Amino acid sequence: MSEKQKLNLNRVSMPKQKPEARVHNFSEVALGYTQEQAREEASRCIQCKNPKCMEGCPVGIDIPGFIKAIAEDDLPRAARILKDKNSLPGICGRVCPQETQCEMTCVLAKKGSPIAIGRLERYVADWEQSHPKAIEQRKENVKPSSKKVAVIGSGPAGLTCAADLAKLGHEVTIMEALHVTGGVLTYGIPEFRLPKEIVRREVNYVASLGVKIKLDNVIGKISTVDELLQNGYDAVFLAPGAGAPMFLNIPGENLSGVYSANEFLTRTNLMKAYLFPQYDTPIQVGQRVAVFGGGNVAMDASRCALRLGAKEVYIIYRRSEVEMPARAEERENAKEEGVIFKLLSNPKRFIGNEQGRVTSVELYEMELGEPDESGRRRPIPRPGSEFIMDIDIAIPALGTKPNPIIPSSTAGLELTKWGTVKTDEATGRTSKARVWCGGDMATGSATVISAMGAARRAANDIHAFLTSREG
Amino acid sequence: MYQILAREDLSTGIHLFRIKAPEVARKARPGQFVIVRNGEEGERIPLTIADWNTEEGSVTIVFMEVGTTSKKLARLKTGDYLTNFVGPLGQPTEIEKFGTVVCVAGGFAIATIVPIARAMKKAGNKVISIMGFRTKDLVFWEDRLGSVSDDLIITTDDGSYKRKGLVTEPLKELLQDGGVNRVIAIGPTIMMKFCSLTSKPFGIKTIVSLNPIMVDGTGMCGCCRVIVGNETKFACVDGPDFDGHEVDWDLLINRQRTYLKEEKQSLELWEKSISS
Ligand SMILES: Cc1cc2nc3c(=O)[nH]c(=O)nc-3n(C[C@H](O)[C@H](O)[C@H](O)COP(=O)(O)OP(=O)(O)OC[C@H]3O[C@@H](n4cnc5c(N)ncnc54)[C@H](O)[C@@H]3O)c2cc1C
Ligand SMILES: Cc1cc2nc3c(=O)[nH]c(=O)nc-3n(C[C@H](O)[C@H](O)[C@H](O)COP(=O)(O)OP(=O)(O)OC[C@H]3O[C@@H](n4cnc5c(N)ncnc54)[C@H](O)[C@@H]3O)c2cc1C
Ligand code: SF4
Ligand code: FES
């Protein structure tokens, strides 16, 4: 057989719940590979000497290594290789935008479809979760350093930094503001994309490394960063994310029935309002829902609205579909489920009734002009194009910015003009001694894996510092 | 889990819990609040910090039974646990030597105004407190608020105890007499609104503690947004104290009513479940 014939350019597709069924439940949409499917997909990997895929991985997973182990049916080895570099593989396998990372740089992408690295990662992580004893803990051989580190926030950045430092023998405590760990993984990304059970188990893994977790701890309130440093912590890693919602700043935005995407998703995912009244937190969806924005958050909010029983859900976006920042896969999923994309439209104001409830939105039609700073064509309102659309619920999904609680309570922490913490990218160091930062708080809203990559770099630098004479 | 060290019933449907939460107690200041959750299916609700004791490591909350969550809380006893207790949240009340401060409180807020009145007095102010109740049976903590005030005025709507009428009447008289430098009004939204309207013509700064619906209480959902001075604010991080003369009261009242239907449904379901 020649090389050419051996090369299989078609990836094994992933079984999914049918759209008609899944819009009525919060169960996971993608069902995962079977062992046969995983082995078949893994066997397509040509085990490059100089694997391009790894260049696209922010945490440096030995991608051909774990894929080879799958092809050889050695799943414990595959799991070990993954966990060596990534404490959260079940999460990353589900939510990382692999199409712009490892799968984009995979050599097969040039000729056909790249290896489905994310699906394989997810397969191995799920296998490991159902075989919890498969890989032995190597905790015993770490020497305690007697150094204490406080990690603020339990999102992907906090969890990664905590796991890395615990593996290096430091005593790590995570302080989390909410009553559950996971950050956006828990309160933002819906159950049907990332089951909370997966998050819980991966957090348990981090805890099993010896990391202490304190919930209900809003740093800046219950203790300040300076108090932590004075009270025995040798270093602080800030990973509070960028959780403050942004609004459109148009009239009528505070009417009842206008939710930030964060509120809508938090009620749904964190507070389980989809199980109201069994759970106490209510949510409203009505018949017609308009979600404003074109990112992953807008896709998540619109798909939640459908599952909560809305009849018509619109995504209202001011540019055209090609400019949408949401992942192609999520756009497809949303469309399959019946979300209606209303492109080149932008809201002017919300209109309410006497009770102060939103009843409609006035929209402009937009046209695309010259490219702007982002390189995308700038949307311009078409004069006289205003029209009214009746809605029951409006959800601005415009992104988030850093929460002011930590910056305003920490003297000497320099910020950028966007309110993020000024951070050295290579080391995670901030302007304040013994304080590091990573994740969305350093970069603004980004991705799970970039937050993890930054956390890993910071953990290395914190370790170097703690084991140096200064530390 | 956070243990209830003591429970007291202050009047019909108003209860006090002293909660073991040493770290919260250490940082608590007058005017701040906590978020409480009871049970895995419970919602997060904000309650004002009514007192704290750093030695005992306790924080006191006082709440009124209004709907499902507060009624479920009211079934807990000394020794039971709250699932979550987060705080201290929000900005503390501005305490300074202003001169003469009038503290007006209604309903459960009698308890929450005590630490504010106390701190105002300690800062050297003359404190005149006004407490309002619907009827005599609901009166509580006359002695406690009295002990931190130079003067105490009590009103009941039906005249069954002390002065008949609303709290705004003595407030107006005090303002007319002159010499008042600041008003603090805490209680039902409608009471805070009318206290603000009463003091506005006199130009005396009036601080109110707003109580919009909240979820996280840390600035990440925007559910608690209020308009103050034509600007949108998040009550949980920017407040809950605001200048009452600048508040858009109608917006607040409308937003508080967002879930009336769901609240009724939830309460009926719960009442059915406990009666069976
Ligand atoms: C709806 C939604 C969908 C997304 N989908 C994807 C996706 O599919 N793929 C992807 O790669 N990325 C996605 N993202 C982006 C991704 O989730 C974030 O970039 C990532 O979670 C950032 O991680 P982090 O650890 O920096 O912060 P977060 O995940 O935000 O976690 C921060 C944690 O810190 C806590 N915290 C905040 N302040 C304090 C304080 N003062 N004290 C203590 N704790 C505090 C917060 O409660 C939170 O738990 C999505 C984001 C959203 C909102
Ligand atoms: C900063 C702040 C401090 C407060 N302090 C106190 C206090 O010290 N004592 C006290 O008795 N009450 C206080 N409240 C009000 C208290 O939070 C509500 O009474 C409680 O949430 C009602 O919940 P429920 O399920 O019993 O009633 P529901 O039947 O659910 O609601 C009754 C009414 O309470 C309000 N409410 C409902 N859910 C919430 C929520 N999640 N957050 C805020 N309000 C809500 C709504 O306006 C609703 O119409 C405070 C509110 C705020 C914002
Ligand atoms: S680049 Fe693609 S084919 Fe090459 S090792 Fe990586 S996953 Fe396999
Ligand atoms: S309660 Fe969520 S932002 Fe204030």
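This one's a predicted model, so the numbers in the text were calculated from it and none came from an experiment. Numbers restart at 1 for each chain; the letters A, B, ... are given by sequence-line order, proteins then strands.
A distance of 10.0 Å separates OG in A/Ser256 from CD in B/Gln256, rounded to the nearest 0.5 Å. Expressed to the nearest 0.5 Å, how far CG of B/Leu251 lies from CG of A/Leu255 amounts to 7.5 Å. The CE atom of A/Met271 lies 6.5 Å from the CZ atom of B/Arg44; values are rounded to the nearest 0.5 Å. Note: A/Asn262 CG to B/Cys223 SG = 12.0 Å, rounded to the nearest 0.5 Å.
Most heavy-atom pairs under 4.5 Å with chain A: of the set B/Thr218, B/Thr69, B/Asp250, B/Asn254, this distinction falls to B/Asn254. Between chain B and the residues A/Pro245, A/Ser260, A/Gly356, the largest count of heavy-atom pairs under 4.5 Å involves A/Pro245. Most heavy-atom pairs under 4.5 Å with chain A: of the set B/Thr258, B/Leu269, B/Ile227, this distinction falls to B/Thr258. Note on A/Gln355, A/Gln284, A/Arg357: by heavy-atom pairs under 4.5 Å with chain B, the leading option is A/Gln284. In terms of heavy-atom pairs under 4.5 Å with chain A, the best-connected choice from B/Val226, B/Val215, B/Ile45 is B/Val215. The most heavy-atom pairs under 4.5 Å with chain A, out of B/Gln265, B/Arg225, B/Glu262, come from B/Arg225. Interface summary for chain A: among B/Lys72, B/Gln32, B/Glu263, B/Arg257, the most heavy-atom pairs under 4.5 angstrom belong to B/Lys72. Among B/Gly90, B/Ala28, B/Gly67, the residue with the largest count of heavy-atom pairs under 4.5 Å with chain A is B/Gly90. Per-residue counts of heavy-atom pairs under 4.5 Å with chain B were compared for A/Val258, A/Leu215, A/Asn217; the largest is that of A/Val258. Top candidate by heavy-atom pairs under 4.5 Å with chain B, chosen from A/Ile222, A/Thr400, A/Asn249, A/Thr266, is A/Ile222.
With sequence neighbours left out, the side chain to side chain contact (heavy atoms under 4.5 Å, CB included) criterion links A/Asn204 to A/Arg200.
Under a cut-off of 6.0 angstrom, the local environment of CG in B/Asn230 is sparse, with at most 12 non-hydrogen atoms contributed by other residues, nucleotides or ligands. Within 6.0 Å of atom NZ in A/Lys148, more than 12 heavy atoms from other residues, nucleotides or ligands are found, so the atom counts as buried in its surroundings.
For a residue to count as touching a neighbouring chain, one of its non-hydrogen atoms must lie under 4.5 Å from one of that chain's; by this rule A/Leu178 touches chain B with backbone and side chain alike. Proximity to chain B involves both the backbone and the side chain of A/Gln278, based on heavy atoms less than 4.5 angstrom apart. Using a 4.5 Å cut-off between heavy atoms, A/Leu265 does not touch chain B at all. Only the backbone of B/Thr83 comes within contact range of chain A, with heavy atoms under 4.5 Å apart. Heavy-atom distances place no part of A/Lys272 under 4.5 Å from chain B, backbone and side chain included. For B/Ile213, the part lying near chain A is the side chain, with the backbone staying farther off; criterion is any non-hydrogen pair under 4.5 Å. Contact of A/Asn403 with chain B is made through the side chain alone, with heavy-atom distances under 4.5 Å. Using a 4.5 Å cut-off between heavy atoms, B/Lys261 does not touch chain A at all. For B/Arg37, the part lying near chain A is the side chain, with the backbone staying farther off; criterion is any non-hydrogen pair under 4.5 Å. For B/Tyr2, the part lying near chain A is the side chain, with the backbone staying farther off; criterion is any non-hydrogen pair under 4.5 Å. Both the backbone and the side chain of A/Ser223 come within contact range of chain B, with heavy atoms under 4.5 Å apart. Proximity to chain A involves both the backbone and the side chain of B/Val24, based on heavy atoms less than 4.5 angstrom apart. Contacts between A/Leu275 and chain B at a heavy-atom distance below 4.5 Å are absent for every atom of the residue.
Between B/Glu43 and A/Arg267, the closest side-chain pair of non-hydrogen atoms is not below 4.5 Å.
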Quiz item: Are B/Glu40 and A/His179 close enough, and set up right, to give a side-chain contact (heavy atoms from CB on, under 4.5 Å), and what steps lead you there?
Solution: CA-CA 10 Å; B/Glu40 280 316 314; A/His179 60 272; 5.5 Å; no
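Salt bridge A/Lys214/B/Glu23: present, at least one basic N to carboxylate O contact under 4.0 Å.
Between the side chains of A/Tyr187 and B/Asp216, no donor N or O sits under 3.5 Å from an acceptor N or O. B/Ser266 and A/Asp280 share no side-chain donor-acceptor pair at under 3.5 Å.
Between A/Phe247 and B/Phe234, the ring planes are perpendicular. Angles over 60° get that label, and only those under 30° would be called parallel.
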